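See below for the structure under consideration.
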Amino acid sequence: MIELFLATELFPIYADKSPHTRRAYKKDLEFILSFVMSETEGLKRLTARDIHRYLFDVKEQYVIESSNLPSH
């Protein structure tokens with residue numbers, strides 16, 4: 001489903017991006033979709049509170065990923 005979205009004219013700038021950027025876009029969309037499907041009542045019933053919870057989860061995920069990076 002995400003590949004179809006990214007491949008359509010709904011997301012025209014996708015094709016011009018590097019493979020690394022496209023993977024990052026896909027990962028972000030998968031995270032958003034996963035959150036909406038598992039933690040909310042769906043897109044039509046999305047609330048401000050849901051968005052705040054999503055942003056908190058994104059921040060937590062960023063902290064986890066950043067802590068796994070090798071230190072220089």
Side-chain angles (χ1 to χ4, degrees):
M1 182 165 103
I2 290 173
E3 288 83 5
L4 180 62
F5 172 75
L6 293 172
T8 67
E9 59 190 44
L10 296 174
F11 206 67
I13 62 168
Y14 179 73
D16 297 334
K17 302 299 179 189
S18 73
H20 179 73
T21 301
R22 291 195 307 260
R23 278 192 304 274
Y25 285 172
K26 183 179 179 215
K27 182 179 174 185
D28 290 344
L29 287 171
E30 288 170 342
F31 188 76
I32 291 167
L33 184 59
S34 173
F35 179 86
V36 169
M37 299 304 288
S38 64
E39 303 293 329
T40 73
E41 293 183 33
L43 283 175
K44 290 184 178 182
R45 302 188 108 169
L46 204 60
T47 66
R49 185 178 189 144
D50 294 331
I51 294 169
H52 284 276
R53 286 187 307 128
Y54 169 75
L55 293 173
F56 179 81
D57 282 1
V58 167
K59 181 180 175 187
E60 291 297 306
Q61 184 67 26
Y62 177 76
V63 168
I64 291 168
E65 288 180 7
S66 294
S67 68
N68 291 329
L69 292 175
S71 46
H72 298 288

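Everything quoted here is computed from the prediction, not taken from an experiment. Sequence positions, counted from 1, serve as the residue numbers for this chain.
The distance from the CZ atom of Phe56 to the CD atom of Gln61 is 12.0 Å, given to the nearest 0.5 Å. Expressed to the nearest 0.5 Å, how far CG of Leu33 lies from CG of Asp28 amounts to 12.5 Å. Taken to the nearest 0.5 Å, the OH atom of Tyr54 stands 11.0 Å off from the CG atom of Leu46. Considering NE2 of His52 and OG1 of Thr47, their distance stands at 9.0 Å, rounded to 0.5 Å.
Checked by atom type and distance alone, the side chain of Ser34 never pairs as donor or acceptor with a backbone atom of Glu30 at under 3.5 Å.
By the rule that hydrophobic residues join a cluster once side-chain heavy atoms approach within less than 4.5 Å of another member, Leu55 and Val36 end up as members of one cluster. Cluster membership check: Leu43 shares its hydrophobic cluster with Phe35, using side-chain heavy-atom separations under 4.5 Å among Ile, Leu, Val, Met, Phe, Trp and Tyr.
The heavy-atom pair separating Glu39 from Asp50 by the smallest distance is O-OD1, 4.4 Å.
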